[in-house]
Amino acid sequence: MAAVTATLTYKFFAFPIPPQAEETYKRRTLLLFWWILQSWIKFKLCFVKGHEIMMARVEAPPRSYPEDTVVTEDTEMMGVPVRIFRPKEASDDKLPGVIYYHGGGWCWDLWEAYDATLRVVARLDKMVIVSVRYRLAPENPFPAGPDDCFVVTRHVLENTETLGMDPENITLMGDSAGGNLAMVMMIKLLSSSKKIDNLPNVKNLVLIYPALQAMNFKLPSYKQHRGSNIPTILSSEIMVKFYVAYALGMEFVGVEELLQNSHWSEEMEAKSTCRWIQKEADSLREATESDPKHRNSLLAKKVNKYFLDPHFSPLLADDKILKRFPNTYVLSAEMDPLRDDSFLLVKRLNELGVRVKHRHWESMDHGFIGITILYKNAQKALEEVVEYLKQQSTDDI
């Protein structure tokens, strides 16, 4: 027992917390819990055959809020489970609407865990929020998740009056993998071959530390967050495992090869958006050589049919689609392998003339807004997002 205590105490203080990080004691506590969970999973994999991503799933128990000013309703839209948040006090006024896509690497069912976060958002301003419980990989790989999200998104846009939403004030919002899905929904709405003439336009797009591309895993932020001794719960290795599970389901490929960009191919280099990412990656801070030391054509053939799809990697969408994006809010965190995805997106949207606001949290890490019970900055960040939405509601542009 003394040895365990000594090990945990050492690990608690051993995490390399950068000087700009805030709430360091809470951060160390979270990182220690995450390290214990990862160690337990590795131990289990020595004796039990299974998928590492699935073994790491932790279900959040439902919580009750009897005195809350927000009420919820669990229902289905087009066969997809959703939770609707709305003010407890009934009103005839049409309220701003938000469609929220939760994070979790497309693989973890964090829909229930986001209940507390979305209640915070709903308390800050009267609005109607629809949270989507999409199907998860690896059991249901791409495009199952986006398909679920899209049918819900269209259903909401077609039924704003029934839902009590203002059709002129609809926001798509998501974090991490959910940020990916929110951007993919925007792309699908703008490029759909189906008739969408009568659907209201989306007013705002809010992307919170989104996962946007599986082309270049040698960006500075990916290189800085490799291994287990990092100041965030999301390592580059785990992020790549999420991408693989999302694309290939239960099939495995070499994570290390992907982190070395061994999946690069002539097809990738022929795409103008891929060339743009490769060029702009060189301008990022502490930029390093992105070209792979060796190429694996079999790996490229297996993964790139997914990785190069703009509905999988939305940063690869055509300019003609992205330039039609609504007002966009991008939140990024310094201690995050996905950090540079946000910087690349902001640069590209600015070049295309899209109104974009970028809020970079120098002192925080990936996933922090979902931990309102731990981080004070989670509350502050959500307040800033809601304030942005309020400002757009009164903006004539």
[X] to [Y] - nearest heavy-atom pair and separation:
X	Y	value
N180	P314	ND2-CD, 3.3 Å
S176	H366	OG-NE2, 3.0 Å
N304	S265	ND2-OG, 3.4 Å
V356	V330	CG2-CG2, 4.1 Å
A177	G105	CB-N, 3.6 Å
L207	G179	CD2-O, 3.4 Å

Among [options], which residue satisfies the salt bridge (charged side-chain N to carboxylate O under 4.0 Å, His left out) criterion with [X]?
X	options	value
E269	R295, R275, K279	R295
R133	D74, D109, D115	D109
D68	R123, K88, R86	R123

Describe, in one word, how the ring planes of H102 and Y134 are oriented to each other, choosing from parallel (under 30°), tilted (30 to 60°) and perpendicular (over 60°).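 The arrangement is parallel - the two ring planes meet at less than 30°.
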First locate atom [atom1] of [X], then atom [atom2] of [Y], and finally report the distance between them rounded to the nearest 0.5 Å.
X	Y	atom1	atom2	result
K188	H311	NZ	NE2	5.0 Å
F325	L322	CZ	CG	5.0 Å
L205	R355	CG	CZ	14.0 Å

Heavy-atom count around [X] [atom1] within 6.0 Å, excluding the residue itself: above 12?
X	atom1	value
K26	NZ	yes
K11	NZ	yes
M78	CE	no
F12	CZ	yes
K320	NZ	no

Can you find a heavy atom in the side chain of Y101 that is under 4.5 Å from one in the side chain of T153?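 Y101 reaches T153 side chain to side chain.
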With a 4.5 Å limit on heavy-atom distance, are the side chains of I99 and V132 in contact?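 Side chain of I99 against side chain of V132, heavy atoms only: contact under 4.5 Å found.
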Return each pair, listed once, that meets ring pair (Phe, Tyr, Trp, His ring centres under 6.0 Å) where at least one residue sits in residues 71-95; pairs must be two or more places apart or across chains.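 Every pair satisfying ring pair (Phe, Tyr, Trp, His ring centres under 6.0 Å) with a residue in residues 71-95: there are none.
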Looking at [Y] and [X], is there a salt bridge between them, counting it only when a charged N and a carboxylate O are closer than 4.0 Å?
X	Y	result
E23	K376	no
E280	K347	yes
E267	K271	no

Take H51 and F252 through the ring pair (Phe, Tyr, Trp, His ring centres under 6.0 Å) test and state the conclusion after the steps. CA-CA 9 Å; H51 199 292; F252 295 91; 4.9 Å; yes
Looking just at side-chain N and O atoms, do S221 and D340 make a donor-acceptor pair shorter than 3.5 Å?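 Indeed, the side chains of S221 and D340 share at least one donor-acceptor pair under 3.5 Å.
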Distance-only donor-acceptor check, side chains D175 and Y114, under 3.5 Å: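 A pair is found: one side chain offers a donor N or O, the other an acceptor, under 3.5 Å apart.
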Closer than 3.5 angstrom, by distance alone: can the side chain of [X] be matched with the main-chain N or O of [Y] as a donor-acceptor pair?
X	Y	answer
R83	T75	no
N296	L299	yes
Y209	I369	yes
S262	L258	no
D341	L212	yes
S236	H225	yes
K94	E161	yes
T117	A113	no
R27	E22	yes
D336	L338	yes

Please walk me through it: do T328 and N204 pass side-chain contact (heavy atoms from CB on, under 4.5 Å)? CA-CA 6 Å; T328 302; N204 307 297; over 6 Å; no
Using the rule given for side-chain contact (heavy atoms from CB on, under 4.5 Å), can you reason through W264 versus Q278, listing the C-alpha separation, both sets of side-chain angles and the distance that settles it, and then say yes or no? CA-CA 11 Å; W264 279 22; Q278 187 174 0; 3.4 Å; yes
Cluster check [X], [Y]: I/L/V/M/F/W/Y, side chain < 4.5 angstrom:
X	Y	answer
W111	V130	no
V152	L199	yes
W40	I53	yes
L259	I230	no
V120	V71	no

Begin with the C-alpha distance, continue with both residues' side-chain angles, and end with the deciding distance and a verdict on salt bridge (Lys or Arg N to Asp or Glu O under 4.0 Å) for E168 and K203. CA-CA 7 Å; E168 302 299 320; K203 186 176 182 64; over 6 Å; no
So I238 and Q38, side-chain contact (heavy atoms from CB on, under 4.5 Å) or not? Walk me through it. CA-CA 11 Å; I238 292 175; Q38 292 297 302; 4.1 Å; yes
Pair Y243-Y306, ring pair (Phe, Tyr, Trp, His ring centres under 6.0 Å): steps then yes or no: CA-CA 10 Å; Y243 272 122; Y306 305 104; over 10 Å; no
Show your reasoning for whether side-chain hydrogen bond (donor to acceptor under 3.5 Å, both in side chains) applies to E256 and Q260. CA-CA 6 Å; E256 185 59 36; Q260 296 300 325; 3.2 Å; yes
Do the ring centers of W108 and F242 come within less than 6.0 Å of each other?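 Yes: the rings meet the under 6.0 Å criterion.
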Under 6.0 Å between ring centres: does that hold for H358 and F343?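 Ring centres of F343 and H358 closer than 6.0 Å.
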Could you tell me whether K357 sits above the aromatic face of Y329, with NZ or CZ closer than 6.0 angstrom to the six-membered ring centre and within 45 degrees of the axis?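 No, K357 does not sit over the ring of Y329.
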Test S313 against Q213 for side-chain hydrogen bond (donor to acceptor under 3.5 Å, both in side chains), laying out the working first. CA-CA 4 Å; S313 297; Q213 58 85 32; over 6 Å; no
Taking only residues two or more places apart in sequence or in another chain, which ones pass ring-ring contact (aromatic ring centres under 6.0 Å, His included) with H263?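 Checked H263 against ring-ring contact (aromatic ring centres under 6.0 Å, His included); matches are F217, F307.
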Qualifying residue for side-chain contact (heavy atoms from CB on, under 4.5 Å) with W361, from K380, E334, M335, Q20: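 By the side-chain contact (heavy atoms from CB on, under 4.5 Å) criterion, W361 pairs with just one of K380, E334, M335, Q20: K380.
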